Amino acid sequence: MKKSSYLIILLGGILLGSCAEKKTTEEPQTPTKPNVLVLLTDQWRAQATGYAGDPNVDTPHLDSLAAISVNFKNAVSGMPVCSPFRASLLTGQRPLTHGVFMNDVQLDTNAVTIAKVFNKEGYDTGYIGKWHLDGHGRLQNVAPGQRRQGFQFWKGNECTHDYNQSVYYDNDDPNRKIWDGYDTFEQTDAAIDYIKERKSAENPFMMILSYGTPHAPYHTAPLEYRNRFDPEKIQLRRNVPDSLKERAKKDLAGYYAHIAALDDMIGKVIKNLKDSGQFENTIIVFTADHGDLLGSHGAYKKQQPYEESARVPMLYYIPEKLKIAAGEREALMNSEDIMPTLLSLCDISIPNTVEGLDYRPYMEGAAEIGHATLLTCVQPFGQWNKVQHGAREYRAIKTLQYTYARDLNGPWLLFDNINDPYQLFNLVGNEGYTTLQDELEKQLSQRLKETGDEFLPGMEYIKKWGYPVDETGTVPYTN
């Protein structure tokens, strides 16, 4: 009797233990590694925020984020145009390595990308919004599989600048869908839904939320935002010539309307992260693929090495547990540096395919890097092509004080960005700056040698990669 009672008790204990063990494994675990959220905007120049001192626009949500973030105030887009930046963000490589030095070409589907690396480390990965790395037509589906470069969740479009009722594709559904209204709002809500769904997941997430704005067309933000900005009250930068002032004021009013809407949406995302208890375990990066001249230097759009085109906002909000102090940093973080820095912050090994710098040791105060970086135009095209705009291939070195650029014929530009922040005085050939120009030429030549850049005419690289171009040197695209 005693023996059978003992056996019953023993078996009961085993069953209870087994149930308890099962219950433990079924409960969702809080991810030990941080989530990563990249807020990517299109054509948002570094100067156009409240925290950067723009007198025309208030960005209270971004200002609040900047106050608790690492602010790389001198960050640049190494090749300031859409697809090249995006390919560098995804691969950690420079454009002559990954080959996407033009818009509307496809990034190699065998590339080692940020999503593929995070996937291997147990992260859930997601992408929402503008892609521009597929090259199969701007309104066509980026088909599931290799063409999505490792991203598992997908609500994206290849490229559109129609921000109202714009096209997107939803995960595995091949049918074209339309965002209901202003896509900046709809994409934000989609990201918030994704983040909420991840709250109870065992895996951390890495998501890129890629907005199409404030890229042109400038006058398509909701009316309530456009009504906030009177063109007559816009204060122009000092390098906008008289011939463009009226147009620039009008366009900037629309540009700032997009920015005001984006600021509200970024605030909404952050509030939802806080409300869901995920904010303190999420690294947030806010940046842009390039800037916009918007009349400065008598030009519009991007590709050129001027400050309004090449400099981009670059905020890193880093959870307190990583013990990295917030505040401004001087270093010239570049496009290819984002991937290795994020991997390092998540304690993930950086693949040997990556060429960018890991800025975690710098942010921790243990390394001195980022005193100089490269700006490049392999082949000018589209809105800045040779035939219509007199564009040129160039290579430039940007230091904490100077921008020095040379084209295929020799020295082109030299600016003292501290004493001449609007880059009004080109010092190339100026007798008082001969020694400086020679020194910067040496630095540039050394950098090109180190990176294997022969600085050939753009068409040489076009032939090497087999890209079809039209008479302006631009890869044609279809919708």
Side-chain angles (χ1 to χ4, degrees), residues 34 36 46 51-52 66-80 85 88-89 91-94 97 114 283-287 305 307 310-376 395-405 414-419 421 435-453:
V36 175
Y51 69 82
I68 56 173
S69 299
V70 176
N71 176 8
F72 286 93
K73 64 178 185 178
N74 295 311
V76 300
S77 174
M79 184 174 289
F85 172 92
S88 291
L89 168 65
T91 64
Q93 296 176 332
R94 291 179 289 272
T97 303
I114 192 169
I283 296 167
I284 301 172
V285 176
F286 164 68
T287 191
E307 293 283 271
R311 273 188 52 225
V312 292
M314 187 73 73
L315 300 180
Y316 277 72
Y317 167 74
I318 300 171
E320 193 174 330
K321 65 183 180 181
L322 291 177
K323 301 186 186 308
I324 291 174
E328 290 186 344
R329 300 292 198 280
E330 296 287 336
L332 296 151
M333 176 175 267
N334 210 322
S335 317
E336 66 268 16
D337 304 328
I338 300 171
M339 175 179 171
T341 300
L342 285 174
L343 292 175
S344 181
L345 288 167
C346 296
D347 293 321
I348 297 172
S349 297
I350 298 167
N352 57 17
T353 52
V354 166
E355 296 172 319
L357 300 173
D358 168 14
Y359 270 90
R360 179 173 182 170
Y362 169 83
M363 288 191 273
E364 293 173 332
E368 274 299 315
I369 55 175
H371 297 292
T373 196
L374 291 171
L375 303 176
T376 302
R395 302 294 187 270
I397 189 160
K398 185 170 171 54
T399 72
L400 293 175
Q401 183 164 0
Y402 301 104
T403 298
Y404 170 69
L414 172 56
F415 296 115
D416 181 338
N417 299 323
I418 291 177
N419 295 305
T435 302
L436 173 65
Q437 183 176 318
D438 289 346
E439 174 56 33
L440 289 169
E441 173 63 36
K442 286 178 186 175
Q443 286 188 44
L444 176 57
S445 296
Q446 182 61 30
R447 284 290 181 116
L448 296 182
K449 184 178 179 182
E450 290 169 359
T451 57
D453 184 350

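These numbers come from a predicted model, not from an experiment. Values below: every heavy atom of this structure, side chains too, minus hydrogens, waters and symmetry copies.
- S77 has its side chain within reach of F85: a pair of non-hydrogen atoms, C-beta onward, lies under 4.5 Å apart.
- Between I114 and L342, some side-chain heavy-atom pair lies under the 4.5 Å cut-off.
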*Please test V312 against V76 for side chain to side chain contact (heavy atoms under 4.5 Å, CB included), starting from the C-alpha separation and ending with a verdict.*
CA-CA 5 Å; V312 292; V76 300; 5.7 Å; no
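- The six-membered or imidazole ring of F415 lies away from that of Y402, with a centre-to-centre distance of 6.0 Å or more.
- The CG atom of L345 sits 5.0 Å away from atom CD1 of I318, with the distance rounded to the nearest 0.5 Å.
- With a 4.5 Å cut-off on side-chain heavy atoms, R94 and T376 do not count as touching.
- S349 is not listed as a side-chain neighbour of L343, based on a closest heavy-atom distance of 4.5 Å or more.
- Atom CD1 of I369 sits about 7.0 Å away from atom CG of D337, to the nearest 0.5 Å.
- Here the side chains of T341 and V285 are not in contact, with every heavy-atom distance at 4.5 Å or above.
- Side-chain atoms of L400 and H371, non-hydrogen and from C-beta on, do get closer than 4.5 Å to each other.
- Contact annotation: the side chain of T287 never approaches that of L315 to less than 4.5 Å [non-hydrogen atoms, C-beta and beyond].
- Looking only at side-chain heavy atoms (C-beta outward), Y359 and E364 stay at 4.5 Å or farther from each other.
- When all heavy atoms are compared, the tightest approach of N334 to G78 is OD1-N, 2.8 Å.
- Contact between A75 and M314 at its shortest, heavy atoms only, is CB-CB, 3.4 Å.
- A search for salt bridge (Lys or Arg N to Asp or Glu O under 4.0 Å) contacts involving D438 returns nothing, not counting sequence neighbours.
- Results of the side-chain hydrogen bond (donor to acceptor under 3.5 Å, both in side chains) test with N74 over E330, R329, K398 single out E330 as the only residue that passes.
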*asked:* For a side chain to side chain donor-acceptor pair (under 3.5 Å) check, start with the C-alpha distance between E450 and Q446, then their side-chain angles and the critical distance, and finish with the verdict.
replied: CA-CA 6 Å; E450 290 169 359; Q446 182 61 30; 3.2 Å; yes
